[in-house]
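To keep things clear, I will list the structure first and then write my remarks on it.
In what follows, chains carry the letters A, B, and so on, assigned in the order in which the sequence lines appear, proteins first and then strands, with residues in each chain numbered from 1. Every heavy atom of this structure was used, including side-chain atoms; hydrogens, water molecules and symmetry mates were not.
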Protein chains: 2
Amino acid sequence: MSKQDIRVTVDIVILTISGEQLKVLLVKRGAPPFQGQYALPGGFVHNDESLEDAARRELSEETGTEDVYLEQLYSFGDVGRDPRGRVLTVAYYALVPPDRSPLKAGTDAAEANWFPVTKLPPLAFDHRQIIDYAIERIRNKLEYTTVGFELLPQKFTLSELQHLYEVILDKELDKRNFRRKIDALGLVKPLKEMQATGRRPAQLFRFAKSEKRGQG
Amino acid sequence: MSKQDIRVTVDIVILTISGEQLKVLLVKRGAPPFQGQYALPGGFVHNDESLEDAARRELSEETGTEDVYLEQLYSFGDVGRDPRGRVLTVAYYALVPPDRSPLKAGTDAAEANWFPVTKLPPLAFDHRQIIDYAIERIRNKLEYTTVGFELLPQKFTLSELQHLYEVILDKELDKRNFRRKIDALGLVKPLKEMQATGRRPAQLFRFAKSEKRGQG
DNA sequence: CCAAAAGTGTTAGGAGTACACCCATGG
DNA sequence: CCATGGGTGTACTCCTAACACTTTTGG
């Protein structure tokens, strides 16, 4: 067998909700190839860390957040996808609640910004394809899992939850039907607090599963 | 950055239906580590082939079949998963119809055999975990896609289709409800032939989508 | 008092599920 | 004629989808 020479990276599609839009974190590349273009945060996997460890390390470096939802997406390994040579990337996606999505002063990234997924700039490598894949995945998962809650703060209103669904699925939902379904799932509990909203105050809820997410 | 040294393999969960059971192809390892134990077919990715090309090459080497369903499953990259060093594997699964699942005289595999997924021998590496993952994936996909047809010959009876579903989902289905649902999907077309079955002959069907699978 | 988002029920149609008997053939 | 798998219809439940008005607040 001829000697194999493949390098392995992880790239992360970091998603959040902000301003009624689904946004993805992109970093501007400071070096060739694709210098000056935006790309997904990511980097080479170290010899002594698992794929998920590598993904969490990159995530922490970019956003400072540790305890967020992270899931492997797909591996992209076409021969010509990186002009520098043979590079396989294992893509992950992460969901960051809005109260924990400040940008960290980048340790290695020149410039990082949130972009609405509907208005992406030209992207380096095959990263556009990776983002599209991530959005498709979260759309599907939204229908049969509770990943949606990973994009909300600990306390939220039902309208916020509904807007989240509408933004990700890119379609409008009926308010009464939506609330009935959420209620039937038994996954949210009303708090004693209300949220002052400018007009009529809204009931605050929390996700009913065991308190897993950390310091709100 | 310290020099990265990760080797990349593909491993394939090759599934077929035989004798009313879901079976997976395993090869007996001829060399350490895990010498003499069964493992998934697989091997190192060449520098000049994509991941899927590598998977199809391995698939062809093991079974001689070219034109079957193949889908990337997941990438397994824990640090200690291969005692020889750092090896990342990109797992695929393939679905082989029963009329095209003969074993090819292995070019590089010592011994290959089909095992019912319910009676697996001890497996090398983390391959048991990979198989479990593949079964979970196909169970889910069976519910909302047409992958099931990939495990049938071109001509099949509705009873064969139902048994396929029952074996994979590991639960019994109601014959009338099953047929109604299949009919409602409009995905099968009756042929003019019947299948002699020992008792009352059964209507043969074919999958209604554009003739994609090749030489029956 | 007006604008704006919060909140709340009913009805109709479709999908899923439970359930039992006759049919065609080979031996 | 009998054993075996092939083939068929109906009723009930539940989920989904469509649809409009009242409430509470800030300005």
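B:Tyr133 and B:Tyr74 have tilted rings, their planes meeting at an angle from 30° to 60° on a 0 to 90° scale. In this structure, B:Tyr93 and B:Tyr69 have tilted ring planes: the angle between them lies in the 30° to 60° band.
A salt bridge between B:Glu143 and B:Arg139 is absent, with no side-chain N of the basic residue lying under 4.0 Å from a carboxylate O of the acidic one. Ion pairing between B:Lys155 and B:Glu193 holds under the 4.0 Å rule for side-chain N and carboxylate O.
B:Lys181 places its NZ atom 17 Å from the P atom of C:dG14, with the value rounded to the nearest Å. In this structure, B:Tyr165 places its OH atom 12 Å from P of C:dG16, rounding to the nearest Å. To the nearest angstrom, P of C:dG7 lies 13 Å from CG of A:Asp183. As a whole-Å value, the separation of A:Ile182 CD1 from C:dA6 P is 15 Å. Between B:Glu172 atom CD and D:dG5 atom P there is a gap of 13 Å when expressed in whole angstrom units. Rounded to a whole Å, the CD atom of B:Gln162 is 13 Å from the P atom of D:dT8. For the pair B:Gln195 CD and D:dG6 P, the computed distance is 9 Å after rounding to whole Å. As a whole-Å value, the separation of A:Asp174 CG from D:dC21 C1' is 14 Å.
In this model, the phosphate group of D:dG7 is not approached by any side-chain N or O of B:Arg200 to a distance below 4.0 Å at OP1 or OP2.
Using a 4.0 Å heavy-atom criterion, one finds that A:Ser159 contacts the sugar-phosphate atoms exclusively.
If B:Arg180 and B:His163 are placed on DNA chain D by their nearest nucleotide, the residue sitting closer to the 5' end is B:His163. Heavy-atom nearest nucleotides on DNA chain C were determined for B:Pro201 and for A:Leu158, and the one closer to the 5' end corresponds to A:Leu158. Residue whose closest nucleotide on DNA chain C sits further toward the 5' end, between A:Met194 and B:Lys175: A:Met194.
Counting distance only, with no hydrogens placed and no angle test, the side-chain atoms of B:Arg176 and the base atoms of C:dA20 include a donor-acceptor pair under 3.5 Å. Judged by distance alone, with hydrogens and angles left aside, A:Arg199 brings no side-chain donor or acceptor close enough to the base of D:dT24 to form a pair under 3.5 Å.
The closest side-chain donor-acceptor pair between B:Ser18 and B:Thr16, if any, does not fall under 3.5 angstrom.
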